[in-house]
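The figures that follow rest on heavy atoms only: side chains count, while hydrogens, waters and symmetry mates do not.
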Amino acid sequence: MQILPEADVTELLDRLVEGEVPGRRGFDAWRSLLRAHATLMRRLDTDLEQETGLALADFDVLAQLAAPHGMLRMTELADRALISRSGMSRRVARLADEGLVRRDKADSDARGVVVALTEAGIARLTETAPVHARGISKLFVAQLDDQELALLERALNKVIVDCSFG
């Protein structure tokens with residue numbers, strides 16, 4: 001198997017992209033979106049974990065459960081938190097072991113599982129939410145003016161796609 005020199009690989013990738021996206025229209029914006037998302041999420045996760053001991057993904061589960069009165073079906077929770085159902089099952093099992101959530105059978109469907117916040121989960125959310133909100137404010141909101149925030153929201157809402165993370 002022949003390994004191409006780095007320059008040849010770069011040229012190959014450029015040709016492949018150019019064939020699908022003439023002039024590479026929008027690729028710089030796409031790369032900026034990916035870098036912003038990756039760096040912000042990494043920093044928010046690191047800061048939250050250092051200050052509270054809770055991972056951002058765990059906080060997200062608790063926060064998603066808080067929105068609909070502290071309880072969601074497992075499938076809805078996985079969709080809202082944007083992770084796979086199997087990944088959510090493992091995360092919820094761990095959070096249940098820590099006493100932050102509980103799992104119950106759904107009343108209407110014996111196969112369904114409902115996940116609910118516990119008192120300890122509400123207390124943990126109360127402790128961590130201000131830290132997370134402060135991070136969002138400092139790292140994201142404070143960097144943009146009101147017009148930029150409104151424009152960014154409108155633009156990103158146009159490209160949200162409906163997908164299932166099953």
Side-chain angles (χ1 to χ4, degrees), residues 13 17 20 26-27 29-144 148-166:
L13 181 59
V17 169
E20 298 298 323
F27 260 67
W30 174 249
R31 290 182 67 187
S32 291
L33 172 67
L34 292 179
R35 288 190 65 226
H37 178 267
T39 58
L40 285 169
M41 297 307 286
R42 220 175 340 210
R43 179 72 181 273
L44 288 168
D45 185 39
T46 299
D47 291 354
L48 186 68
E49 195 148 7
Q50 284 178 348
E51 286 191 51
T52 70
L54 189 69
L56 183 58
D58 292 342
F59 170 82
D60 186 38
V61 170
L62 300 180
Q64 295 301 331
L65 288 171
H69 311 294
M71 185 180 302
L72 277 173
R73 291 179 67 95
M74 181 71 87
T75 53
E76 292 172 285
L77 179 58
D79 288 344
R80 286 176 181 235
L82 304 178
I83 65 174
S84 70
R85 289 190 176 113
S86 63
M88 181 58 72
S89 294
R90 288 187 299 275
R91 186 164 301 281
V92 166
R94 196 171 33 70
L95 291 171
D97 289 345
E98 293 176 23
L100 301 177
V101 300
R102 72 174 187 281
R103 291 173 293 197
D104 297 314
K105 291 202 182 290
D107 291 337
S108 61
D109 177 6
R111 295 177 303 146
V113 175
V114 173
V115 181
L117 283 171
T118 62
E119 291 297 321
I122 293 168
R124 194 76 163 108
L125 186 60
T126 301
E127 170 195 345
T128 55
V131 173
H132 183 58
R134 205 169 30 252
I136 292 169
S137 179
K138 176 180 144 192
L139 298 171
F140 179 73
V141 177
Q143 306 306 313
L144 304 167
E148 290 169 324
L149 288 168
L151 179 62
L152 182 59
E153 181 180 1
R154 281 194 310 276
L156 291 175
N157 281 337
K158 287 181 176 182
V159 296
I160 291 172
V161 294
D162 183 24
C163 55
S164 173
F165 288 88

Which heavy atom in [X] sits nearest to a heavy atom in [Y], and how many Å separate them?
| X | Y | answer |
| --- | --- | --- |
| Leu117 | Arg102 | O-NH1, 3.5 Å |
| Arg80 | Leu72 | CD-CD1, 3.5 Å |
| Ala66 | Leu125 | CB-CD2, 3.5 Å |
| Phe140 | Leu149 | CE2-CD2, 3.9 Å |
| Ala81 | Met88 | CB-CE, 3.4 Å |
| Val115 | Leu65 | O-CD2, 3.3 Å |

Using residues 34-42 as the side-chain source, report each donor-acceptor pair under 3.5 Å to any protein atom, sequence neighbours left out, with the distance given to one decimal.
| from | atom 1 | to | atom 2 | distance (Å) |
| --- | --- | --- | --- | --- |
| Thr39 | OG1 | Arg35 | O | 2.8 |
| Thr39 | OG1 | Ala36 | O | 3.3 |

Report yes if the side chains of [X] and [Y] come closer than 4.5 Å at any heavy-atom pair, otherwise no.
| X | Y | result |
| --- | --- | --- |
| Val131 | Asp47 | no |
| Glu148 | Leu152 | no |
| Met71 | Glu76 | no |

[atom1]/[X] to [atom2]/[Y] distance, rounded to the nearest 0.5 angstrom?
| X | Y | atom1 | atom2 | value |
| --- | --- | --- | --- | --- |
| Arg73 | Asp79 | CZ | CG | 11.5 Å |
| His132 | Asp60 | NE2 | CG | 7.5 Å |
| Gln50 | Asp45 | CD | CG | 10.0 Å |

Exercise for review: Give the C-alpha distance, both sets of side-chain angles, the deciding distance and a yes or no for side chain to side chain contact (heavy atoms under 4.5 Å, CB included) between Thr52 and Arg124.
Suggested key: CA-CA 9 Å; Thr52 70; Arg124 194 76 163 108; 4.1 Å; yes
Practice item. Apply salt bridge (charged side-chain N to carboxylate O under 4.0 Å, His left out) to Arg94 and Asp58, showing your working. Key: CA-CA 9 Å; Arg94 196 171 33 70; Asp58 292 342; 3.0 Å; yes
